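Each remark here refers to the structure printed beneath this line.
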Amino acid sequence: MSFETVYEVRNVSKRYGSVVALDDASLKIGAGEVVGLVGDNGAGKSTLVKVLSGAHQPDGGQILLDGEEHVWHSPKIALEAGVETLYQESGLAPHLTVAQNVFLGREIPVKGILGKMGFLARKKMAADAEADLERIGIAFASSGRPVSALSGGQRQAVAIGRSVTWARKVIILDEPTNHLGARQAGEVLHIIENAKKQGLGVVFISHTLPHVLQVCDRIVVLRLGKIVKDAPASFFTNETLLGYITGAIQTLQEDAE
Ligand SMILES: Nc1ncnc2c1ncn2[C@@H]1O[C@H](COP(=O)(O)OP(=O)(O)OP(=O)(O)O)[C@@H](O)[C@H]1O
Ligand SMILES: [Mg+2]
């Protein structure tokens, strides 16, 4: 199945001092395509995420959204253009409710003069948040519960739900199933499938290879800042994927040559 490219980086590089975190990486993400990004600790996955999200400027290379070149001077600009990111350390405000977290930074004022005075449309936000979360497959007893009263898995679901709700073109999920039990991780994978159905381009980062193989259309392997393999998920088995991640497969090929 082929996807129409919605987001693309060409030849991006990023150094931190003497560390080359990303070396000439090129990647395409299609609308309705789930792209897995895998690699060992320190391979450069989060660095690529930060370049895609506008949090870090690449030292070189191009970023194209809908075929148009962009320079993200801040994550806010990328966000407004439709690129939503869930960072590895997701920031939810524990004392706020689920609904307030969904609308954090995007609060809706009430209409008229009261809105100008800073009054917020709390009921509307609560109802909208609940409907949005339900639409993408997250059901909560109440969106009025404070996030501090949720389990780790439920918090993660809220964080992802918030990203999927707002994403218009692309959603980047950096290890969203980390620290989750099997059932909650399954729910996250379900949310990813829903995001795909909505036509979003999804970047999914995880060290849990069966999850990556289950949910992704295509898998990109990073090693030491370089993309060493980019192929349809059906190309890999758990073992060969691990081989590309560790470098064992490339070593074998080199030995054979
Ligand atoms: N802010 C920074 N300053 C200096 N070096 C950094 C910084 N961020 C990342 N690095 C280095 O860049 C390399 C790539 O790091 P990155 O966080 O992208 O890896 P990762 O693939 O996300 O790893 P993990 O699976 O552990 O999350 C590593 O060598 C790391 O030490
Ligand atoms: Mg990382």
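Atoms within a ligand are numbered from 1 in the order they appear, just like the ligands themselves. We count residues from 1, following the sequence as given. Only this structure's heavy atoms are used, side chains among them; waters, hydrogens and symmetry mates stay out. Remember, predicted model here, so these are calculated numbers, not experimental data.
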Original post:
For atom CD of E4, is the number of surrounding heavy atoms from other residues, nucleotides or ligands below 6.0 Å larger than 12?
Top reply: no
Subject >> Within-cut-off N or O pair, G44 and ligand 1, under 3.5 Å >> reply: yes
**OP:** May I have the step-by-step check of ring pair (Phe, Tyr, Trp, His ring centres under 6.0 Å) for Y7 and H70, ending in yes or no?
**Re:** CA-CA 11 Å; Y7 202 32; H70 288 268; 8.4 Å; no
Subject >> Element-labelled atoms of ligand 1 that are located less than 4.0 Å from some non-hydrogen atom of D40 >> reply: 21 (O)
**OP:** Show which atoms of ligand 1 fall inside a sub-4.0 Å distance from at least one heavy-atom site of S46.
**Re:** 17 (O), 18 (O), 20 (P), 22 (O), 27 (O)
**OP:** For atom 24 (P) of ligand 1, state which one of V20, L37, V19, N41 supplies the nearest heavy atom.
**Re:** N41
Subject >> Any N/O pair G39/ligand 1 closer than 3.5 Å >> reply: no
Original post:
Got a salt bridge between K169 and D66, using NZ or NE/NH1/NH2 to carboxylate O under 4.0 Å?
Top reply: yes
**OP:** Using modelled atom types only, decide if a donor and an acceptor are shared between the side chain of E33 and the backbone of G30 within a distance under 3.5 Å.
**Re:** yes
**OP:** Classify the side-chain pair S13/D24 by whether it contains a donor and acceptor separated by less than 3.5 Å.
**Re:** no
Original post:
By number and element, which atoms of ligand 1 are closer than 4.0 Å to a non-hydrogen atom of H207?
Top reply: 25 (O)
Original post:
Quick check: does S46 put an N/O/S atom under 2.8 Å from the Mg ion (ligand 2)?
Top reply: yes
**OP:** Identify, by atom number and element, the atoms of ligand 1 in contact range of E175, meaning under 4.0 Å from any of its heavy atoms.
**Re:** 25 (O), 27 (O)
Subject >> Main-chain N/O of G225 paired with D23 side-chain donor or acceptor, under 3.5 Å >> reply: no
**OP:** Could you tell me whether a side-chain N or O of S26 sits under 3.5 Å from a main-chain N or O of N11, the two making a donor and an acceptor?
**Re:** yes
Subject >> Ligand-side contact atoms (ligand 1) for residue partner T47, heavy atom cut-off under 4.0 Å >> reply: 14 (C), 15 (O), 16 (P), 18 (O)
